[in-house]
There are 2 protein chains.
Amino acid sequence: MDARIDVDDMGRRTATDACTEPCAIERGMRIIGGKWTGSILWHVKDGPVRFNDLARMIGGASKKMITERLRQLEDQGLVRREVRDTAPITVVYEITDFGRTALGFLDELRQWSESLPKRLSSDTRQS
Amino acid sequence: MDARIDVDDMGRRTATDACTEPCAIERGMRIIGGKWTGSILWHVKDGPVRFNDLARMIGGASKKMITERLRQLEDQGLVRREVRDTAPITVVYEITDFGRTALGFLDELRQWSESLPKRLSSDTRQS
DNA sequence: CAGAATCCAACCGGATACTG
DNA sequence: CAGTATCCGGTTGGATTCTG
């Protein structure tokens, strides 16, 4: 638990102590919630994918972003990078076993997202 | 499906078509993946919470952020705002039924996040 | 092919002060 | 209490160009 939570006599929940650190949800989001991060992990889950193909799959993200996020995912051990000595060289990315532990969450998110009216996704205005 | 994916004779997956729109995972993240958004939704899931209590629970987020994110969640129908005519007035926030549909993957995220070595969460450098 | 480097405008978000 | 308003430095991330 992050904070001590009480319920007052009106049935409201009150905090008598604050989270000193971001809670688990927030910490998780910082890892997997970055722009494009989830998508990238998702698209390397079924086998090795080459850099440019990945970039095309993600479509909308610049190569700069793809690279940045991939490095992060690599540093965190969620994705593995492999250079193949062809000509010209090819580089493939693949999810690690550790990365797979995040797929449950991502798949639930995907399902949830697909069940949504498209309106919510792109544009939030309603007035 | 967002793109047509093929598998070449080397076993690599290639994209012959690009996502024109962000894929479902990305769209979902845009809704629930914003800074503090997940945390906020999570903390209003068990009943009405007053604004300042919420701010204390989230600890680390400024009131400005809390307000902004709450408005977004409201606009999207994930959270309901209720003004109570006390003196001084109190305002409580509570998750909606629609908001509850997001709790499944948020809980998975939480579990995943809690299973992580703390090192990953805060700091990613390793050299 | 798979990036790295550079530039830079736009946005984000914390701090602070103020309000009904 | 529950915000709003303003300031403003830092980060983000797209566009573009270059490289081995």
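Proteins come first, then strands; the chains are lettered A, B, ... in the order of their sequence lines, and each starts at number 1.
Taking the six-membered ring where the residue is Trp, A:Phe105 and B:Phe105 present tilted rings, their angle falling between 30° and 60°. By the 30° and 60° cut-offs, the orientation of the rings of B:Phe51 relative to B:Tyr93 is tilted.
Remark: A:Arg71 does not engage A:Glu68 in a salt bridge, criterion side-chain N to carboxylate O under 4.0 Å. Here A:Glu82 pairs with A:Arg84 in a salt bridge; the nearest charged N to carboxylate O distance falls below 4.0 Å.
Protein atom CD of A:Glu82 is 15 Å distant from nucleotide atom C1' of C:dA2, rounded to whole Å. The interatomic distance linking B:Ile40 (CD1) with D:dG3 (P) rounds to 12 Å, in whole Å. Taking atom CZ of B:Arg30 as the reference point, atom P of C:dC12 lies 12 Å away to the nearest angstrom. Following rounding to the nearest Å, A:Met29 (CE) and C:dG13 (C1') show an atom-to-atom distance of 18 Å. Rounded to an integer number of Å, the gap from B:Asp85 CG to D:dC1 P is 17 Å.
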Tell me, for nucleotides 4-20 of chain D in 5' to 3' order, what letter each nucleotide earns: B for a base near a protein heavy atom under 4.0 Å, S for only sugar-phosphate near one, - for neither?
S-BB-----BBB-----

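For C:dG3, one of the phosphate oxygens OP1 or OP2 lies less than 4.0 angstrom from a side-chain nitrogen or oxygen of A:Arg81.
Separating the CE atom in B:Met57 from the OG atom in B:Ser39 is a distance of 12.5 Å, to the nearest 0.5 Å. The distance from atom CD1 of B:Ile32 to atom CE of A:Met29, rounded to the nearest 0.5 Å, is 6.0 Å.
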